[in-house]
Amino acid sequence: MKTRMGKKLKKEEKTAPVDVFDTLLVESRQAATVVLMLGSPEEDVQSKACEAIYKFVDKCDENKKLLLDLGAIDPLLGLIAGPDRTVRRHAIMALGVMCAHIDVRKALRKRPESTNALVGLLYEEDDQVIHEFAALALSLMATEFTSKVAIQAANGMDPLISLLSSNDPDVQKNVIETIAQLVMDYKSRASVREHNGLQPILNLVKSEYAIIQRLALLALDRLTQDSENRRALREIDAITKLLDILAQPTLNDLHVMVVMVLSNMLEDPECLELVRDNGGLKRFVALITDQTLPEDEQKREGKKSASRTGKKSAKDTKGRKEEEVREDGNLGGDCIIPTLPDVKVCAAKAIARSARNGENRKLLHDQEAEKLLISLLSHDSTDVQASAALALGVISENLSSRDSIKEWGGIPPLVKLLSSDNGDVKESVTLALANVTTSNNRNCLEVCKLGGIEGLLVCLGEVREEVVANAACALTNLAQDEGLRSMAQAKGVVPALIHPLSSHNTNVQSKVALAVSAFACDAESRQEFRECGGLEPLVLLLHSGNEEVRRNAAWAITVSGVDEPTASEICKLGGLQILQEIQTSASRQNPFIEAALQRLLDSNLSAKFSLYNHLGPSNIIEDGFFDCGQLKPGTPFKTLEEYCAQEMNDKRPILLVNAKWSNEEEVLSLGSPPKPEEMETAAKSKETPAKGNKANKEKGRSGRNSRSSTRDSPDLRKGKSKPKEKEKEEDSSMPSDKEPEQPVQEHVASPVFITPPDPQLFKYIEEVVERILPLPDLKAQVVALAEYVSQKLGGKIPLGEVANFSWELPLNQVRFQLQSNVIPIGRLKAGIHIHRALLFKTLADRIAIPCSLTRGEYNRAWNEVLLPDVDEDIPSTFLSSRISVTNIGQKPVTPKFPPKRFIVDLIHEPGRLLAPDTHAAINYMKL
């Protein structure tokens, strides 16, 4: 109040313009009201609304979701592109914090303009707050792959790399985190190199802030997965700078990440040579040899985060140790507790990755890396043990490293760790033992000496499939030594291999099948494998779609199918049909399948002759062979028992070879009335087939009814045979020899299939051994045998009269008499090419005459023999094993090699030898 002339006067107040709204102070407690204020035309209102939203959403995730539901995204996107800097700053602060919520990021991805708007803010000059929160929003958006592509398409890499040199550590932190997320895409890795971003990222490793250092190393870890980036980093001497960090104990919190980067770098032989030359390799491997653990090795509780978005600022971490820095899961793989065991694990894995290259393995061996890895096998941490064993397994692919591992005592700890309860340790240890024992007998003996066989057998029963595969591989290596193989078989390796054959893992199937082929190589093991049910899962592996599994399974069948019982069981399980089917496939057929098929056929000559119509000289026809005719492809092969069970029909008869004697027929064929006791014995033998078989063996004790007896006996080869009187004496003693056997035969519990006997064929063999075997040379034996066969099956047939030769009626008479389609070949009294050729081959095999049997068309068949030419004009000091001197004054002869092939005529001129390429031979073989 002013006074004038002693009076108080009122102050004159200016009136506001009528067109201006009076200032209104609004106090809102509802988020919806603030969202409405974002649409105000006044920058001051927009700025204050954005600031209020930033403070609100920074409190919790529920608030972020609430603002999203209220529709705050679109107004904020409009404001960050507005003209006012203050509004842009507050708007990007609010939007950057809201991006921490997954639903907000989904909403932004549906708005293609959002990525371009965020990238555009990175070009803002002299506003570090905008840079910080724009980079923060991009780092959160880049966690999804679609956003990575969108940022790259918006050319966001260029401004991001330029901001790496910012003075604000929070900007650096958010930018390097964004880059670390982007380079998970291989295209972005090349983009960083093209924009010269490798050097700025490498410089951030020297930052004062731990979180920035770790993010920079994380980015380098992902960038070094590209070979061109590794080359560029090598040129800027990045390896030396990283090794300098390893040399500083005060930076042990960064050692894990540094080792991860170096593990990528050392995949290149050039990098490994560089590290070796500057002595950095020794410093690198020294990390895993230090057994003294520092006090801070124990895992600390959580670490502080750094960001204004629910993470503390990077500035708050300056000068603090890493264990005081708390991080959040948004770092994408950056949450690693820096303990000394972790460093050792990463270092061992780095050596393992580097050792995948052959040149690197040699360099590591020269630096005695095996010794350093062996020292880690005794570490308390199972992760360290697993990593060290894995590295040893990879580096032992080098031949020299296997010997070094043994010399430095690496095998005992490996064998000891087989009993570990940790699955990773067992997997790595079994891999190491599998590689260490490969082609190294000394290491195999060492493993066996330390009790490794027992440990490996236990591993075959593990649930972890890779452990089973590695253990099977190691056992296969041990089986190369005969003594170790016998020890493993005695400890039960064959039954232990059966269960893993049923695994669904192709690697397990392949390795175990190969192990079966290594151990099932003798009669006892094959019998054990067969009786334990191992053949069925082995045959099923032939159906596998994996080529290696089929190959190893076929090889196991090739090895185990040597003996006839195993081969017959495989055929019953369908192995023969499966192999035939695979053989007809152009994509699945391989030499191992062919070898397995031939092995089964060599052990089952009946099937071989039916399928291939040919038996070679090495295919010896024995009792039980039968010819069922040529089978069409895909037709299942039946057994003799199945053919015998069929009713008589009008189809082609089955010719059987079974030189067994029937006592009843023997008595009746003597031409004199049988004695009562002989008739009783014959009746008993008929009732008990097994006893008859026993008598047959006694009847053939002279050795002339078997191939081995005629080949192995020098007396028979020289033409010497037992006198008939002695044979008759032995035959007369047969009834008395059989009587003591009767109580034993009564123990037969169930009847078994008995092959129909053929006493006439038995007589044929006796006559051939007595008359033809003593002949002086092979040619004479062949001619005499041809004449003998022709005589027994109808005699000589004139040329052109084969069609008129009556052989079908006698054959059908025998079939009707036997009431069976199976006819013993000795019962035939007349026959043409197929019958005579089969009989010739059967008798020739019994007296060791090598010949083949080939089936043609229209009942044609022929035998082929190899005979050397004999030149009597040239004297010789030696005689062929096929030639014997009957007279002392006979002139010496010598065979001329190679022998020649001849077709034996059994029809027109029995005994005539035909050259295969002559017109006569062709007419003989073809109709």
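Residue indices begin at 1 and follow the sequence shown.
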Using a cut-off of 6.0 Å, state whether more than 12 heavy atoms not belonging to K241 lie near its atom NZ. yes

Atom NZ of residue position K349 - does it have more than 12 heavy atoms of other residues, nucleotides or ligands inside 6.0 Å? no

Taking atom CD of Q225 as the centre, report whether more than 12 heavy atoms of other residues, nucleotides or ligands fall under 6.0 Å from it. yes

Using a 3.5 Å distance criterion without hydrogens, assess whether the side chain of N552 forms a donor-acceptor pair with backbone atoms of L514. no

Do the charged groups of E446 and R442 touch, with an N to O distance under 4.0 Å? no

Indicate the atoms forming the closest heavy-atom contact of G409 with I374, along with that distance. O-CG2, 4.0 Å

So which of L433, N435, V429 actually passes side-chain contact (heavy atoms from CB on, under 4.5 Å) with L431? N435

Expected output: side-chain S510 to main-chain T506 donor-acceptor under 3.5 Å: no

Whether S191 side chain and K187 backbone form a donor-acceptor pair below 3.5 Å: no

Less than 4.0 angstrom from a charged side-chain N to a carboxylate O is my criterion; do K64 and D103 meet it? no

So, are R230 and D268 salt-bridged, with charged N and O less than 4.0 Å apart? yes

What I want to find out is whether E228 reaches R193 closely enough, with some N-O distance under 4.0 Å, to be called a salt bridge. no

